[in-house]
Amino acid sequence: MAELRGPIVDVGETRSVSTQYGERDLAEVTLRPERGQAEPVTLTLWGKWSETAEYTQTGMEVLALGVEREEFRGEIQYATAGDSRIVIEPDYLVNVTDVRSWVQCPRMHYLNTLSGVPLNYPVVKGTVVHEVFSDLLRGGEVEAAIDDRVAEVGLDLGLLDRDADEVRKDVSDHARAIDGWLSQGTLEGGDEWRSEQTLISERYGLKGRADAVRRGAPVELKTGKNTNSEPRFQDKVQVACYALLLDERGEPPDTGTLLYTKNAALDRNEESGDLSPAKDFSLNEGLLDYVLRERNHLAAMAVAGEIPTGYEANATCNYCFEQDTCMVVSGRLDQESKAGRIGEAIPEEERNYFERFYRAIEAERGAVHDEYAKLWTQTATERADADRALIDLEPVGKKEVDGRWELRARCSDPVSKIREGDVVLASDGHPVRGNAEMARVVSMGEEIVVTADEPVELRRLDVYPSEIGADRMLTALHDALLAGDEDQKDVLIDRRDPVFRDVEETFIDNNPAQDRAVRRAVGADDCALIHGPPGTGKTYTIARTVRALVERGERVLLSAFTNRAVDNALDALRDQGYDEFVRVGTEHGVREDIQEYRLESRGDPDERAAELREASVVAATTASCGSRIMREGSFDVAVIDEASQLTEPATLAAVALADRFVLVGDHQQLPPVVQSADAAGTVETTEHGDDSADDGTTGATTATDGSGVVASGTANGTSRTAGDVADLSRSLFERLIETHPEAAVLLDTQYRMAQRIQAFSSNEFYDGRLRPASPDIAAQHVADLPEVTSDALPDRLQERVSFVDPDGTARGNTNPAEVTAVAEIVEAYAAAGVAREDIGVIAPFRAQAAAIRRELPAVTVDTVDRFQGSAKEVIVVSFVATGDLDSPIFEDFRRVNVALTRAKKALVLVGDRDALATDERYARMVEWAE
DNA sequence: ACTCTGCAAAGAGGA
């Protein structure tokens, strides 16, 4: 038996042949193995595996397990045998629950990801019952668990107008079934349990979280009823997926259990059929192979960027709950659909908009999947070097706190992308092959502290990629275009110009530009844009705008990309004497002094729902705007900060909740972070090598109308043309300010920088329109700081702007000579009396920032990107590069605008003069600074 | 070649 892996170079037709076993289907695929001979080899797919050929395309990766190797006329050939398994695109990690819904109906699966599952009672109740189940497995007491878990979803229940007592009664029926079944197990001599196990399979390309594993066999809880003797098919499919995941660990279970908790609550007199809640069934090879083939089909279509029609499965549309939605969406988007279409299609320009962004979002999802694959394609050391993991941790303790586990470990060099509050994979050595659990980072100090549902020997932490960004962008695109207001769409699609009313009132006395901005926002019938360069009082203007809107009786949604910006805006609002707002967000996302305004989900349903419904200002990140809770709401105006850092679909998450919107940002500072930037933004013209399987297929299959057959074997692997895919790195703010400059107001008065410091930025980025707010601000100097004696500084540092070339050499992304020079400069300022907290150090690379940070305790040292939005009296910038500026980090000159505009009184640029001179923009900067 | 903030995920229903 052999194992074979590589990209497919040719897919043959499926045909039928007669064999000694009767008529059998077969299909031949040709692939180029990764190892061994370089020549392509033929793999014959027999029987059911031949179906694979129907949806598999050239360029896709195939993994053939347990295939037979034979020599035929001097040529080596492979063929599937009795226990062979074929995996298509094994590096594409598919969710177990997605396989479940795919098996029900591929079209339903598509609709779920497109529109998201809205807030509804069965789902909330299901979640509660699952949590109670989990509590009971951990030894909790039934009544306490029910009370606690029902209270936890108070907000959801309130929004659904449900009464807590009735829900408790409802849940306790289910809980009794679980409890009864569990005690049965105990009577039989005790079970070995593992609850909520996170499982990832690199071999089958699957991931999921099993409700429970009992004696090595998967147990899945369902809160629906099932009075048939057999479990529901899609439920078995889900359990079979968990079995595949366990199988990879070398312990294939032979039975699975489905626990239908509603059965126990049914009236035995009225219901007929099998009312026992627990149904065991055997996990035979046939089922596992079937599940894998469905997973393959899903992965192949996802990688090819194809949209399911429903014909891929034999589901019956008549019985489907989603039939109406399915027909409406198919009709509106003019998509082929098994259920058929009703209604009229949205106009062509809207469909184009939808399709362009759909593809861009899916490309972004693809980039997330590439990150998943790195969990096993990179070695521990490679991941640590790429800052994606902390390895070789030394576990120092674990204890149970409030039903969760607190895990501690020591780390000799805690430099990585992982930060406090992040969701990570905690493992005992390997995130996939070892024992791993999802965990939340609590602190990254002397000791690393994380919390998880299950205790894990904490030896390694890995960045855990999340598709939530792509998910939220997609539902926002759906909401804005398919459920959105026609009037708003006219402006978004650019069918008409935005309309403004004149507003006479004065809102801000001493700053005409800010006042104009508020009047523009208040008088906007559709949208307004506030362009705020560094230090121009954006946050103040936002707060004043929100107040002005509230005074007019409007309900306002206040949003931004980051939690920090949302909280800053609320802080400013509070400073202006207004605090009738509600903050929606996770506990760890919201700043400490804003926690008191945070909407708790726990509590009395009516009270919680009223808090949200009655607030005239609700504040949340755009990601939260796409949450189930927020999507229930509606607003008159959305005011969105950091809009130039948001992708267009991310902006839509907030925009779609309101009639009008105000975007605040600065497109001359950093654009949105897009992982798939190369694929979605600039069109690549470079030749692709053997590793271009993903790019080739996604790129080529751009047509979604059925005509999109992959152009196999094209010279460079992609047939994408410019403009075909929407650019996620261009914000809605930037697009609108270019098409509708009349909607924008530039805040031209800055309160931050000395004239000398602001000059370069003003000329390079703002047509020289930026001006200091007062002579004092223009003339400020480091000697103005209390305790500072200017004479104590070296001559050079007495200048407001200076340039230092320490003549160093870059080593990777660090420059040791610059580390030393920066430390000396900072110490010189400190020695002259500048408080350490008034000094900031900025570097382009995380590695350099970390190296400087080690030398300079109590000084803020960070990357440019993370410094955006804040300022210091004194700023030292380390450019790192020597030789040339070839790293992509130097490409976007807007990053320099951010770095140079953080300083109030003194700015020191540290870099290699010659390297910087290789780019004319950087050369101008050096000339200005010297 | 780089930068990196959001987010747990799975959770239901019926002929």
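Here is how names work: the chains are called A, B, and so on, in the same order as the sequence lines, proteins then strands, and each is numbered from 1. Quantities reported herein were computed from a predicted structural model and do not represent experimental measurements.
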Check your understanding: Can you find a side chain N or O atom of A/R866 that sits less than 4.0 Å from OP1 or OP2 on B/dT5?
Key -> yes
Review point. Less than 4.0 Å between a side-chain N and a carboxylate O, is that true for A/R440 and A/D422?
Key: no
Check your understanding: Which is true for A/T586 with a 4.0 Å heavy-atom rule: it touches a base, it touches only sugar-phosphate, or it touches nothing?
Key -> sugar-phosphate
Check your understanding: Hey, is A/R295 close enough to A/D98 for a salt bridge, meaning N to O under 4.0 Å?
Key -> no
Check your understanding: Side-chain contact, heavy-atom cut-off 4.5 Å: A/V167 with A/K125?
Key -> no
**Study point:** Salt bridge present between A/D148 and A/R602 (N-O < 4.0 angstrom)
**Key:** yes
**Study point:** Sidechain N-carboxylate O distance under 4.0 Å for A/R853, A/D862
**Key:** yes
Exercise for review: Name the nucleic acid region contacted by A/T621, choosing base, sugar-phosphate or nothing; use a 4.0 angstrom heavy-atom cut-off, strictly under.
Suggested key: sugar-phosphate
**Study point:** Paired and unpaired positions of DNA chain B as dot-bracket, Watson-Crick or G-U wobble under 3.5 Å, | denoting a partner strand
**Key:** ...............
Point to revise | Atom pair distance, as rounded to whole Å: CD1 in A/I468 and C1' in B/dA8 | key: 8 Å
Check your understanding: Atom CE of A/M473 and atom C1' of B/dT5: how far apart are they, to the nearest Å?
Key -> 12 Å
Review point. Looking only at side-chain N and O atoms, does A/N813 come under 4.0 Å of OP1 or OP2 in B/dC2?
Key: yes
Check your understanding: Which whole-number value in Å describes the distance from A/F867 CZ to B/dT5 P?
Key -> 14 Å
Revision key, fill the gap. When rounded to whole Å, the CG to P distance for the pair A/D387 and B/dT3 reads 8 Å
Practice item. Scan nucleotides 10-15 of chain B nucleotide by nucleotide, 5' to 3', and note B when protein non-hydrogen atoms come under 4.0 Å of the base, S if they reach only the sugar-phosphate, - if neither. Key: BBBBBB
**Study point:** Interatomic distance where CD belongs to A/Q675 and P belongs to B/dT5 [whole Å]
**Key:** 12 Å
**Study point:** Among B/dC7, B/dA9, B/dC2, the one nearest A/S887 by side-chain distance
**Key:** B/dC2
Review point. With respect to the side chain of A/F845, which nucleotide from B/dA9, B/dC4, B/dT3 is positioned closest?
Key: B/dT3
Exercise for review: Before accepting this row, confirm whether a basic side-chain N of the pair A/K279/A/D235 lies closer than 4.0 Å to the acidic partner's carboxylate O.
Suggested key: no
Review point. Rounded to whole angstrom units, what separation is found between the CD1 atom of A/I418 and the C1' atom of B/dA8?
Key: 15 Å
Exercise for review: Answer yes or no: does a side-chain N or O of A/R846 lie under 4.0 Å from OP1 or OP2 of B/dC2?
Suggested key: no
Review point. B/dA9 P sits how many Å from A/D453 CG, rounded?
Key: 12 Å
**Study point:** A/E437 and A/R209: CA distance, side-chain angles, deciding distance, salt bridge (Lys or Arg N to Asp or Glu O under 4.0 Å) verdict
**Key:** CA-CA 10 Å; A/E437 267 305 323; A/R209 225 175 163 204; 3.6 Å; yes
Revision key, fill the gap. To the nearest angstrom, the CG-P distance between A/L728 and B/dG6 comes to 18 Å
**Study point:** Residue pairs, two or more places apart or on separate chains, that pass salt bridge (charged side-chain N to carboxylate O under 4.0 Å, His left out) and touch residues 127-137 of chain A
**Key:** A/E131-A/R149, A/D135-A/R149
Exercise for review: Determine, stepwise, if the pair A/E322 / A/R107 fulfils salt bridge (Lys or Arg N to Asp or Glu O under 4.0 Å).
Suggested key: CA-CA 10 Å; A/E322 308 291 348; A/R107 182 82 188 156; over 6 Å; no
Practice item. Before accepting this row, confirm whether a basic side-chain N of the pair A/E371/A/R388 lies closer than 4.0 Å to the acidic partner's carboxylate O. Key: yes
Practice item. Name the nucleic acid region contacted by A/Y121, choosing base, sugar-phosphate or nothing; use a 4.0 angstrom heavy-atom cut-off, strictly under. Key: nothing
Review point. Within the modelled atom types, does a donor on one side and an acceptor on the other bring the side chain of A/R895 and the base of B/dT3 under 3.5 Å apart?
Key: yes
